[in-house]
Amino acid sequence: MSYASLRGLYAITPTDLCLEPTRLLTAVSAALSGGARLVQYRDKSRDVTRRLESAREVVALCARHGAKLIVNDDVELAAAVQAHGVHLGLDDAPLTDARARLGPTAIIGVTCQDSLERARAASEGGADYLAFGAFFPSRTKPNARRASLELLREARINTSLPICAIGGITADNAATVIEAGADLIAVVEGVFGAPDIEAAARAFARCFA
């Protein structure tokens with residue numbers, strides 16, 4: 001597949017936002033208007049009906065903005081709403097199973113934390129992007145393992161796949177991870193926790209100008 005669209009701000013929805021569908025759509029719309037190129041629907045709740053309905057609406061919203069919707073963890077939900085792809089964490093479905101379920105054109109991202117070995121296996125297994133982090137202290141995952149900029153630089157040398165950086169990234173420090181090789185910067189609270197979501201997203205998007 002073409003990876004040209006896998007560059008820019010990757011806005012990830014916090015679960016508490018997902019619990020309020022109307023507020024969720026307003027917030028995602030603002031992030032997209034500010035320049036988010038990918039949105040990850042990340043809802044850890046167990047309300048199957050609401051998750052299905054909300055994910056469908058977010059897919060449609062992304063389509064109107066020319067952006068892509070990735071579902072966190074849940075391959076079946078991604079298939080049900082015809083999302084653009086799925087993001088797999090360390091304990092999620094095997095990449096091969098996700099590919100078989102979603103097809104060859106789906107975007108499948110894989111969490112690699114600080115492991116080049118995992119990144120290599122994901123690349124060989126058919127992943128479409130590799131996610132490393134956390135690079136800075138994170139409010140979303142305060143106990144997340146830390147990854148270094150040197151690891152990011154080494155990953156950039158060793159793979160042609162798009163690289164996603166996550167973990168405590170702000171508009172002030174985003175340039176450092178982009179310069180080290182990140183194609184995508186994944187942000188949760190830095191976008192959706194901001195008083196002006198559209199302005200926050202635009203500040204991140206400008207980092208790629």
Side-chain angles (χ1 to χ4, degrees), residues 1-13 15 18 28 32 36-46 48 51-63 65-134 141 144-145 147 151-152 154-167 181-188:
M1 67 173 290
S2 171
Y3 294 124
S5 62
L6 299 184
R7 180 171 175 80
L9 172 60
Y10 187 0
I12 301 178
T13 63
T15 294
C18 295
V28 171
L32 290 166
R37 303 311 305 140
L38 277 80
V39 172
Q40 185 181 124
Y41 180 70
R42 183 178 183 272
D43 183 350
K44 296 294 188 178
S45 71
R46 297 184 179 182
V48 176
R51 292 175 75 244
L52 183 62
E53 292 174 353
S54 291
R56 279 181 175 147
E57 292 190 78
V58 177
V59 168
L61 187 57
C62 286
H65 284 265
K68 299 186 184 299
L69 189 281
I70 308 298
V71 172
N72 178 269
D73 295 354
D74 195 332
V75 174
E76 289 306 316
L77 179 60
V81 303
Q82 297 183 316
H84 295 90
V86 69
H87 182 86
L88 302 176
L90 298 177
D91 301 316
D92 296 330
L95 196 159
T96 51
D97 291 356
R99 179 64 71 196
R101 181 70 178 93
L102 299 177
T105 62
I107 298 168
I108 301 179
V110 175
T111 292
C112 301
Q113 292 186 327
D114 60 347
S115 172
L116 290 173
E117 182 178 349
R118 180 172 173 81
R120 189 176 303 110
S123 178
E124 293 173 354
D128 295 297
Y129 71 83
L130 308 171
F132 294 94
K141 291 187 177 182
R145 291 172 62 174
L151 176 135
L152 187 55
E154 188 172 349
R156 180 72 289 161
I157 292 171
N158 286 285
T159 184
S160 60
L161 290 180
I163 291 174
C164 174
I166 190 170
D183 302 285
L184 294 161
I185 48 176
V187 183
V188 185

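Keep in mind that the numbers below use all heavy atoms, side chains included, and drop hydrogens, waters and symmetry copies.
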Nearest non-hydrogen partners of Ala83 and Val71, listed with the distance: CB-CG2, 3.8 Å
Can you list everything that forms a side-chain contact (heavy atoms from CB on, under 4.5 Å) with Ala55? Sequence neighbours excluded, please. Tyr41, Leu77, Val81
Any donor-acceptor pair under 3.5 Å linking the side chain of Thr15 with the backbone of Lys44? yes
Roughly how far apart are Leu184 CG and Ser5 OG, rounded to 0.5 Å? 9.0 Å
Closest heavy-atom contact between Leu6 and Ile107? CD2-CD1, 4.0 Å
Using the side chain to side chain donor-acceptor pair (under 3.5 Å) rule, collect all pairs that involve residues 77-94, keeping only residues at least two apart or in two chains. His87-Thr111, His87-Tyr129
Are the side chains of Pro162 and Asp128 in touch, meaning some heavy atoms are under 4.5 Å apart? no
Who passes side-chain contact (heavy atoms from CB on, under 4.5 Å) against Glu124, sequence neighbours left out? Arg120
Between the side chain of Arg99 and the main-chain N/O of Ala106, is any donor-acceptor distance below 3.5 Å? yes
At what distance, to the nearest 0.5 angstrom, does CD of Gln40 lie from CD1 of Ile70? 8.0 Å
Mind checking what makes side-chain contact (heavy atoms from CB on, under 4.5 Å) contact with Glu76, not counting sequence neighbours? Asp74, Arg101
Roughly how far, to the nearest 0.5 Å, is CG of Leu152 from CD1 of Ile157? 10.5 Å
Report the residues that fulfil salt bridge (charged side-chain N to carboxylate O under 4.0 Å, His left out) with Arg37, sequence neighbours left out, ordered by chain and then residue number. none
Applying side-chain contact (heavy atoms from CB on, under 4.5 Å), name anything that partners Thr159, two or more places apart in sequence or on another chain. Ser123, Leu130, Arg156, Leu161, Ile163
Which atom names give the shortest non-hydrogen contact between Leu95 and Gly126, and what distance separates them? CD2-C, 4.0 Å
Indicate the atoms forming the closest heavy-atom contact of Leu88 with Ala98, along with that distance. CD1-CB, 4.0 Å
Residues Ala36 and Ala11: closest non-hydrogen pair is CB-CB, 4.2 Å
Ile12 side chain near Ile166 side chain, heavy-atom distance below 4.5 Å: yes
Flag the pair Asn158 / Leu116 as yes when at least one side-chain heavy-atom distance between them is below 4.5 Å, and no otherwise. no
Here the pair of heavy atoms bringing Leu32 nearest to Ala67 is CD2-CB, 3.5 Å
